[in-house]
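Chain letters run A, B, ... following the sequence lines, proteins first and then strands; every chain starts at 1.
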There are 2 protein chains.
Amino acid sequence: MSSKLFVSAQEVAEKAGVSRSAVSRTFTPGASVSAETRRRVLEAAEALGYHVNHLARGLMRNESGIVCLIVSDVATPYRSALLRELTIQLQNAGKVAMFINTDRSDGSVDRALQQAIRYRADASIILSGLPDKSITQLCLRNGQRLVLINRDDDQPGPLKINLDDFESGGRVATAFFRAGCRSLAFANSEAGTPSLMRREHGFVAAAAKLGLDVTVERHGSTGYEAGKVLAQRMLTRAERPDAVFCATDLLACGFMDAARHQFGLSIPHQLCVAGFDDIEQASWSSFDLTTFAQPVMTIATRAVEWLGSGRDDATSEVEHSVRLTAELIWRGSIRAG
Amino acid sequence: MSSKLFVSAQEVAEKAGVSRSAVSRTFTPGASVSAETRRRVLEAAEALGYHVNHLARGLMRNESGIVCLIVSDVATPYRSALLRELTIQLQNAGKVAMFINTDRSDGSVDRALQQAIRYRADASIILSGLPDKSITQLCLRNGQRLVLINRDDDQPGPLKINLDDFESGGRVATAFFRAGCRSLAFANSEAGTPSLMRREHGFVAAAAKLGLDVTVERHGSTGYEAGKVLAQRMLTRAERPDAVFCATDLLACGFMDAARHQFGLSIPHQLCVAGFDDIEQASWSSFDLTTFAQPVMTIATRAVEWLGSGRDDATSEVEHSVRLTAELIWRGSIRAG
DNA sequence: TATAAATTTGCAAGCGCGTGCAAAAGGTGC
DNA sequence: GCACCTTTTGCACGCGCTTGCAAATTTATA
């Protein structure tokens, strides 16, 4: 290994027989270089294995090209799917993704966020349920653009991407009604995330309008285990519901497993089930779950596009808010009307 | 918004009434500053909202603190679990994780990797099945330390973390034998990843030793759908196997679903199944899959520790190789001996 | 108290790069 | 040929930081 690890623009310049500025300009889109100089520079750069040092470039330009992804529950199917799409699109847009995991709620999150600020990330995308406002404020205060996905926040500035959770809840109630169900239930987590609550409220409101009974139960996280617990609670009741809308596909999977294996219920004949997210497992034949697909691709596209668009001009104060509709994916967990 | 986005060490120095070096030293562990100066600097920094600019620091130190995660199939349960652990531990070690997604096989991967090099990442952790050697070479050539997880590579330098796949395969064969199974099968993907092949070979070798029949079938990726297809192929045969080891839990899930819902087989009574990875779904009661748990936590710990340890000294040429054992998790998909 | 040793501090150079400015080069029309 | 305009090039400065070195300060020792 040579002691000098990286080649600098200086060396490229010497080899190409031009000035250092010429090298710099060759790698700066839109700068003024003649075709001939450019060619010679590129040739020398290739030969020497030169890579522009983005640390230095970011230092000069006051723009690092780094986008920070702030995520919790990465290992969850829905989150990892969204993450996948975001990273791919950021990559295609020439940005680079820096990762911050907020699963641990101790100080490490703060420390990690500080790190992102130290690297002068241009923007942060928050796809974390963590309701800690201080995080978003810290990002904003440090001049980052901010994208909030499925997460309420009343501060102006950030782009907010949300789904029509309320309406989706309503659509499920209608679907259950058409399927002949009369005693509805909503299985939610205790997290109390706004998007989850909107699903609940939309469902309850629509059910009321249809004159249907609806009970709501909340427990634990949005995961599989919580779904099982919720099933145990709701299915041991005297008047067992004949349809349940789970706030999350994972909850639904847990609920279905308990309903079938512990209570011997047949789905959809004795119990109709719907979920939300359209995680991969929802399509597995063990579940065959009717659910709402989050438009992951569109979410990512919108987020990245917005980041690419110029920095807020005078119009800085307008509310940037996008509302997407979740697509209902019909499968076998609700019987046909 | 002020036009001046960030406060510099200079401003902190002025406010604290010390030199700029003093500020720098305050934020450099191990540097020589008196308690009093340090206090005043920290106070001023806090008041002004100062954050060390790591772009500049990286430029000086020739060490960015960035670790690059090169990942494919992020949305896969096993990968996302590993990713989760890695990011958490990197974070705790004060490193920052940069994300590169190699799912798209077009030029974007190369472009993204170039990006990482441009940011002068100190190291890369490759948890991608992508067999492209040029990637690892590019990392090494640019002075990065390299960790390869479950991935063969004969070049010296990188830390290689692997599992005892071969032995695991053997243990499954034995377990099937004890369960009374006599006609074994191995369901693999076409990917041909070394770790998958080792599982296959270990299984086949042990089966042969036990005098058992064993058929091998390979198809598609390591996902659920491929598992279904494999089941269709293997279960329509005249002599149907009574036990199948799937190279991956996802394959196993697909296999089980097809076996049950399309072939009406009862698991484990008519068919024993084992998988590998211990993804969350393996523990779901719909699957209750006996499988091998990858020591995700240990893998991450080892990787991060190694990155933290000093750069290769004279001992640079020794092979860094770690071999971990996968823990067999007994569940209900293999009947008791 | 004087002097040697240890610690702290400021100065200044430089990390690799982008860019404004003025000089140089190239092009056009008469 | 000249005057004029456009494009290209090099110089030199500065982005925010670290660090070797020598001066200034504190502490320990005689």
Side-chain angles (χ1 to χ4, degrees), chain A residues 3-42 44-45 48-66 115 117-122 142-143, chain B residues 3-42 44-45 48-66 115 117-122 142-143:
Chain A
S3 61
K4 238 192 135 330
L5 261 178
F6 297 102
V7 284
S8 68
Q10 177 66 24
E11 304 172 50
V12 177
E14 279 161 17
K15 176 156 183 125
V18 298
S19 80
R20 210 178 48 68
S21 329
V23 178
S24 191
R25 285 195 249 265
T26 300
F27 291 101
T28 302
S32 164
V33 226
S34 72
E36 169 60 11
T37 331
R38 165 181 227 88
R39 195 189 55 71
R40 281 162 63 190
V41 169
L42 287 178
L48 265 52
Y50 170 74
H51 298 271
V52 179
N53 186 331
H54 271 48
L55 299 178
R57 169 176 282 186
L59 191 55
M60 276 300 304
R61 291 226 182 120
N62 233 334
E63 185 181 310
S64 62
I66 296 174
Q115 285 287 76
I117 292 175
R118 294 196 184 106
Y119 284 96
R120 300 296 189 258
D122 298 331
N142 282 89
Chain B
S3 62
K4 238 193 134 334
L5 262 179
F6 297 102
V7 284
S8 68
Q10 177 66 21
E11 305 171 49
V12 177
E14 280 162 17
K15 176 156 182 123
V18 298
S19 80
R20 213 167 51 67
S21 332
V23 178
S24 189
R25 290 194 173 102
T26 300
F27 291 101
T28 302
S32 162
V33 225
S34 73
E36 169 61 10
T37 338
R38 166 183 227 86
R39 196 190 54 70
R40 283 163 61 189
V41 168
L42 287 177
L48 265 50
Y50 170 75
H51 297 271
V52 179
N53 187 330
H54 270 49
L55 300 179
R57 169 174 283 186
L59 191 56
M60 275 301 304
R61 291 226 184 120
N62 235 335
E63 184 181 310
S64 62
I66 296 174
Q115 285 287 77
I117 291 175
R118 293 194 185 107
Y119 284 96
R120 301 295 188 259
D122 297 332
N142 283 89

With a 3.5 Å cut-off and sequence neighbours excluded, list the donor-acceptor pairs that the side chains of residues 16-29 of chain B form with protein atoms.
unit_1	atom_1	unit_2	atom_2	d
B/Ser19	OG	B/Ser21	N	3.3
B/Ser19	OG	B/Ala22	N	3.3
B/Thr26	OG1	B/Ala22	O	2.8
B/Thr28	OG1	B/Ser24	O	2.8

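- The phosphate of C/dC17 (OP1 or OP2) has no side-chain N or O of A/Arg57 nearer than 4.0 angstrom.
- Counting atom types as modelled, B/Ser8 pairs no side-chain N or O with a base atom of D/dC15 as donor and acceptor under 3.5 Å.
- Put simply, the side chain of A/Tyr119 gets close to the backbone of B/Ser64: a donor and an acceptor are under 3.5 Å apart.
- Remark: B/Arg20 is not in phosphate contact with C/dC11, judged by side-chain N or O atoms under 4.0 Å from OP1 or OP2.
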Polar atoms only, N or O, under 3.5 Å: list the protein pairs with nucleotides 4-9 of chain D and their distances.
unit_1	atom_1	unit_2	atom_2	d
D/dT8	OP2	A/Ser32	OG	3.3
D/dT9	OP1	A/Ser34	OG	3.0
D/dT9	OP1	A/Thr37	OG1	2.3
D/dT9	OP2	A/Ser34	N	3.1
D/dT9	OP2	A/Thr37	OG1	3.2

Pair A/Glu11-A/Lys15, side chain to side chain contact (heavy atoms under 4.5 Å, CB included): steps then yes or no: CA-CA 6 Å; A/Glu11 304 172 50; A/Lys15 176 156 183 125; over 6 Å; no

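- Rounded to the nearest 0.5 Å, atoms CD (A/Glu63) and CG (B/Leu55) are 11.5 Å apart.
- Of the candidate nucleotides D/dG14, C/dT19, D/dG16, C/dT19 has the atom lying nearest to any side-chain atom of A/Thr28.
- Taking every heavy atom of both residues into account, B/Leu59 and A/Ala56 meet most closely at CD1-CB, 3.8 Å.
- Listed pair B/Tyr50 / D/dC17 meets the phosphate criterion, a side-chain N or O lying under 4.0 Å from OP1 or OP2.
- Distances were taken from every side-chain heavy atom of B/Ser21 (C-beta onward) to each of C/dT19, C/dC11, D/dT18; the shortest belongs to C/dC11.
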